[in-house]
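This structure is a prediction, so every number in the text was calculated from the model and none was measured. Only heavy atoms go into these numbers, but all of them, side chains included; no hydrogens, no water, no symmetry mates.
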Amino acid sequence: MKCLRISVLAIVVISATSCSNSGTPAPSPETPPPASSTSALPPSPEEIAKQAALAAYDGYWKTSTAAEKDPRAKDWRQDLSQYLVDPELTKHLAEIQNLASVPAHMEGDYGRAPVVSEVSLKDADPRVKITDCLDRTQLHLISDKPGDNRKVLDNPDQPRRYEFRAEVVRYATLDNRWLVQVVQAQLDKPC
């Protein structure tokens, strides 16, 4: 009976091997798999700069969106200063304070499609330029005034989709952090 089980098992193993064999021998458990045709090279300094700048830019958007959704929740300076420096930090804080004073807040989310358009590592302050397409079609300014019943305060003359540019700079004096220094809404450039 044992011989019969071993024979059946051997036939199953041989059959499975012959059916799955595509002409290339299967590596043995001790043999490492063949090297991939795409070798893993270390990223270039430009690629490292792009990724760091995009991470700072993304942090800027997440934090500024949270501030716009609840401008009276706290003083947003500390949170925003993790991603922004002057002159943009001061301008953005003024916008948040203006929202709080109206009083109003934003609801919805921006659609974004950031792309690195330039990397400059030769200057004393390495800089990455990002071009984005902002889509505000799902974002609305909502009144928080008593009696306004959540009135929508959107400016009908403001474009809902437009180009947005940012410059992200690496600051050696701030532990080589990448921070958004300049942003420009190109309202006259739809995307």
Side-chain angles (χ1 to χ4, degrees), residues 38 40-71 73-100 104-142 152-191:
T38 57
L41 295 175
S44 68
E46 288 80 10
E47 188 59 35
I48 292 169
K50 284 181 187 181
Q51 295 306 316
L54 284 168
Y57 183 72
D58 189 53
Y60 152 71
W61 274 105
K62 286 178 180 173
T63 305
S64 64
T65 299
E68 290 173 355
K69 287 183 176 188
D70 199 357
K74 62 181 177 177
D75 179 359
W76 288 94
R77 176 177 291 279
Q78 184 175 354
D79 293 14
L80 287 168
S81 68
Q82 298 299 308
Y83 304 103
L84 293 167
V85 291
D86 281 329
E88 193 52 43
L89 177 61
T90 298
K91 288 194 299 187
H92 203 72
L93 286 168
E95 290 175 17
I96 299 301
Q97 291 168 351
N98 184 46
L99 267 179
H105 70 280
M106 301 301 281
E107 283 187 6
D109 291 303
Y110 292 94
R112 298 185 306 112
V115 175
V116 171
S117 53
E118 186 179 328
V119 177
S120 176
L121 301 179
K122 296 178 182 173
D123 297 332
D125 296 321
R127 179 176 308 266
V128 173
K129 293 183 180 181
I130 296 172
T131 302
D132 204 342
C133 178
L134 287 190
D135 182 347
R136 296 174 51 102
T137 54
Q138 301 302 315
L139 188 72
H140 302 285
L141 180 61
I142 307 297
V152 176
L153 304 174
D154 292 345
N155 179 349
D157 296 328
Q158 183 175 4
R160 302 305 284 165
R161 291 177 55 96
Y162 51 88
E163 189 175 292
F164 189 85
R165 296 181 187 165
E167 291 185 30
V168 187
V169 178
R170 187 179 75 202
Y171 286 85
T173 57
L174 298 172
D175 297 324
N176 285 317
R177 288 178 32 222
W178 287 88
L179 300 165
V180 177
Q181 184 185 59
V182 177
V183 298
Q184 298 170 330
Q186 305 290 313
L187 300 177
D188 58 336
K189 292 188 176 181
C191 57

Compare all side-chain heavy atoms of Gln181 with those of Val85 and state whether any distance is below 4.5 angstrom. yes

List in chain and number order the residues that pass side chain to side chain contact (heavy atoms under 4.5 Å, CB included) with Ala56, two or more places apart in sequence or in another chain; answer none if no residue qualifies. Val168, Trp178

What pairs meet the salt bridge (Lys or Arg N to Asp or Glu O under 4.0 Å) rule with one or both residues in residues 76-85, with sequence neighbours excluded? Lys74-Asp79

Sorted by chain and number, sequence neighbours left out, salt bridge (charged side-chain N to carboxylate O under 4.0 Å, His left out) with Lys122 holds for none

Side chain to side chain donor-acceptor pair (under 3.5 Å) against Asp154, all qualifying residues, sequence neighbours excluded: His140

Under the rule for side chain to side chain donor-acceptor pair (under 3.5 Å), what residues qualify as partners of Lys129, not counting sequence neighbours? none

By salt bridge (charged side-chain N to carboxylate O under 4.0 Å, His left out), which residues pair with Glu163, not counting sequence neighbours? Arg165

I need the minimum non-hydrogen distance between Pro114 and Leu54, along with the two atoms involved. CB-CD2, 4.3 Å

Evaluate the criterion side chain to side chain contact (heavy atoms under 4.5 Å, CB included) for residue pair Val152 and Ile142; output intermediate values, then yes/no. CA-CA 5 Å; Val152 176; Ile142 307 297; 3.8 Å; yes

What residue pairs, at least two apart or across chains, pass salt bridge (Lys or Arg N to Asp or Glu O under 4.0 Å) with a residue in residues 169-178? none

Let me confirm one number: the OH-CD1 distance from Tyr60 to Ile130, rounded to the nearest 0.5 Å. 11.0 Å

Which pair of heavy atoms, one from Val183 and one from Lys91, lies closest together, and at what distance? O-NZ, 4.4 Å

Rounded distance (nearest 0.5 Å) linking atom OH of Tyr110 with atom OG1 of Thr137: 12.0 Å

List the atom of Asp86, the atom of Leu89, and the distance in Å for their closest heavy-atom pair. OD1-CB, 3.6 Å

Nearest 0.5 Å, please: how far is CG in Asp109 from CD in Gln138? 9.0 Å

Can you pull out every side-chain hydrogen bond (donor to acceptor under 3.5 Å, both in side chains) where at least one residue sits in residues 182-191? Sequence neighbours excluded, please. none

With sequence neighbours excluded, residues passing salt bridge (charged side-chain N to carboxylate O under 4.0 Å, His left out) with Asp135: Arg161

Rounded to the nearest 0.5 angstrom, the OG-CG distance for Ser81 and Leu179 is 8.5 Å

Gap separating the CG atom of Asn155 from the CG atom of Leu141, nearest 0.5 angstrom: 9.5 Å

Non-neighbouring partners of Tyr162 that pass ring pair (Phe, Tyr, Trp, His ring centres under 6.0 Å), sequence neighbours left out: none

Exercise: identify the closest heavy-atom pair between Lys69 and His105: O-CB, 3.4 Å

Any side-chain heavy atom of Met106 within less than 4.5 Å of one from Arg136? yes

Mind checking the NE2-CD spacing from His92 to Glu68? Nearest 0.5 Å is all I need. 5.0 Å

So, using side chain to side chain contact (heavy atoms under 4.5 Å, CB included) as the criterion, who are the partners of Ile48 when residues are at least two apart? Pro43

Closest heavy-atom pair, Ala49 versus Val128, reported as atoms and distance to 0.1 Å, is O-CG2, 3.9 Å

Assign the ring pair Tyr57 / Trp61 to parallel, tilted or perpendicular, where the plane angle (0 to 90°) is split at 30° and 60°. perpendicular

In short, salt bridge (Lys or Arg N to Asp or Glu O under 4.0 Å) pairs touching residues 45-64 with sequence neighbours left out are Asp58-Lys62, Asp58-Arg112

Smallest heavy-atom separation, Ile96 atom then Ser64 atom, equals CD1-O, 4.5 Å

Has the side chain of Thr63 got a donor or acceptor atom that lies under 3.5 Å from a matching backbone atom of Gly59? yes

